[in-house]
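Below is one structure, written out as structure tokens; the observations come after it.
So that the names make sense, note that chain A is the first sequence line, chain B the second, and so on, each numbered from 1.
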Amino acid sequence: MKDLNKIYKLLLNQYGKQNWWPTTLEKDIHPTYHGKKLDDSMRFEIVVGAILTQNTSWKNVEKAIIELNKNKILTINGILKNKVQKLEKTIKSAGYYRQKAERLKIIAKFFKENPFSKLKKLQTEKLREILLNIKGIGPETADSILLYAFEKPVFVIDAYTKRMCHYLGICSADLDYNEIQKLFMKNLKPDAKLFNEYHALIVEHSKHCYSKKPYCDELLK
DNA sequence: CGCCAGGGCCTCA
DNA sequence: TGAGGCCATGGC
């Protein structure tokens, strides 16, 4: 069995750097993050994307984010000022739009009351706990926010990661979120840049190998 | 037409 | 605590 560091090297070699969090920079509509230092508006956009992409393809999320930006709703105050019905209409393409509109309201309120500058000073574990107590934020969304918006070395586990690990014989199919996360974090250097790329590479690789059955992974098996 | 997409909440044992 | 139902649009 290949170890997790080896798998990373294979994926990086195959697909190259992913430079997440992804944006539609070619459309020149919202800010580009590539190689830039994150500011708070960028961090918030990442949080919004993390909510919208729950069980949803990024393509559909991208449309919703563009619509939010066009309507000047892609900010904490924008989300707070607009009616939930307006939010629902704007993010419709992302699916589950009623739930997600409500969730955006809740997280906007949270980040209004708790600025990034304050939250950044908290211990990662403490911040994770706080995020998990927000309605609409589960383990994957919390960890995506920690890793991509706060740049904390937290490994994000998603359905693809579980599928891939099970297929490769790295873990059993029913291993729970925290256990499989530990598996990655114990075997890798705690480096936010590494975790950022690794998770993105797993998603990219899985779109090729783990989207439709029967799964077939010539690269890693 | 059916399946899937970068999940999470609620309910009910 | 864990399995199952539910949420919903768009691509293929």
Say you pick atom [atom1] in [N] and the same atom in [M]; how far apart are they, in whole Å?
| N | M | atom1 | result |
| --- | --- | --- | --- |
| dG8(B) | dG10(C) | P | 22 Å |
| dA8(C) | dT11(B) | P | 16 Å |
| dC6(C) | dG6(B) | P | 24 Å |

Starting from [atom2] on [N], measure out to [atom1] on [X] and report it in whole angstrom.
| X | N | atom1 | atom2 | value |
| --- | --- | --- | --- | --- |
| Gln18(A) | dG6(B) | CD | P | 13 Å |
| Asn178(A) | dG7(B) | CG | C1' | 15 Å |
| Asp176(A) | dG8(B) | CG | C1' | 15 Å |
| Tyr210(A) | dA5(B) | OH | P | 14 Å |
| Ile91(A) | dA8(C) | CD1 | P | 9 Å |
| Tyr160(A) | dG6(B) | OH | C1' | 7 Å |
| His205(A) | dG6(B) | NE2 | P | 15 Å |
| Gln54(A) | dG8(B) | CD | P | 5 Å |

Point to revise | OH-SG distance between Tyr167(A) and Cys216(A), expressed to the nearest 0.5 angstrom | key: 5.0 Å
Study note, to complete from the structure: Mate of dA3(C) across any strand shown (Watson-Crick or G-U wobble, both atom pairs under 3.5 Å) is dT11(B)
Check your understanding: In Watson-Crick or G-U wobble terms, both distances under 3.5 Å, what is the partner of dC12(C)?
Key -> dG2(B)
Review point. Between Ile134(A) and Arg163(A), which has a closest nucleotide on DNA chain B that is more 5'?
Key: Arg163(A)
Study note, to complete from the structure: Closest to the 5' end of DNA chain B, once Asn60(A) and Gly136(A) are matched to their nearest nucleotides, is Asn60(A)
Check your understanding: Trp20(A) stacking on dG6(B): centroids under 5.5 Å, ring planes under 30°?
Key -> yes
Point to revise | Centroid-centroid under 6.0 Å between Trp58(A) and Trp20(A) rings | key: no
Exercise for review: Check whether the ring centres of Tyr15(A) and His208(A) lie less than 6.0 Å apart, and answer yes or no.
Suggested key: yes
Review point. Just by modelled atom types, is the Glu140(A) backbone N or O under 3.5 Å from a matching donor or acceptor in the Ser144(A) side chain?
Key: yes
Check your understanding: If only atom types and distance count, is the side chain of Asn69(A) paired as donor or acceptor with the main-chain N or O of Ile65(A) below 3.5 Å?
Key -> no
Review point. Is Ile202(A) touching bases, backbone alone, or none of the nucleic acid, heavy atoms closer than 4.0 Å?
Key: nothing
N/O to N/O distances under 3.5 Å, protein versus nucleotides 10-13 of chain B:
none

Do the charged groups of [X] and [Y] touch, with an N to O distance under 4.0 Å?
| X | Y | result |
| --- | --- | --- |
| Glu102(A) | Lys105(A) | no |
| Lys100(A) | Glu88(A) | no |
| Glu179(A) | Lys162(A) | no |
| Glu113(A) | Lys109(A) | yes |

Revision key, fill the gap. Per nearest nucleotide of DNA chain C, the residue lying toward the 5' end, Lys63(A) or Asn55(A), is Asn55(A)
**Study point:** Residues within residues 93-108 of chain A bordering DNA chain B, heavy-atom distance below 4.0 Å
**Key:** Tyr96(A), Gln99(A), Arg103(A)
Exercise for review: Please examine the side chains of Asp143(A) and Leu146(A), heavy atoms only from C-beta on, and report whether any two atoms are closer than 4.5 Å.
Suggested key: yes
Check your understanding: Is the distance from OP1 or OP2 of dG6(B) to the nearest side-chain N or O of Thr161(A) less than 4.0 Å?
Key -> no
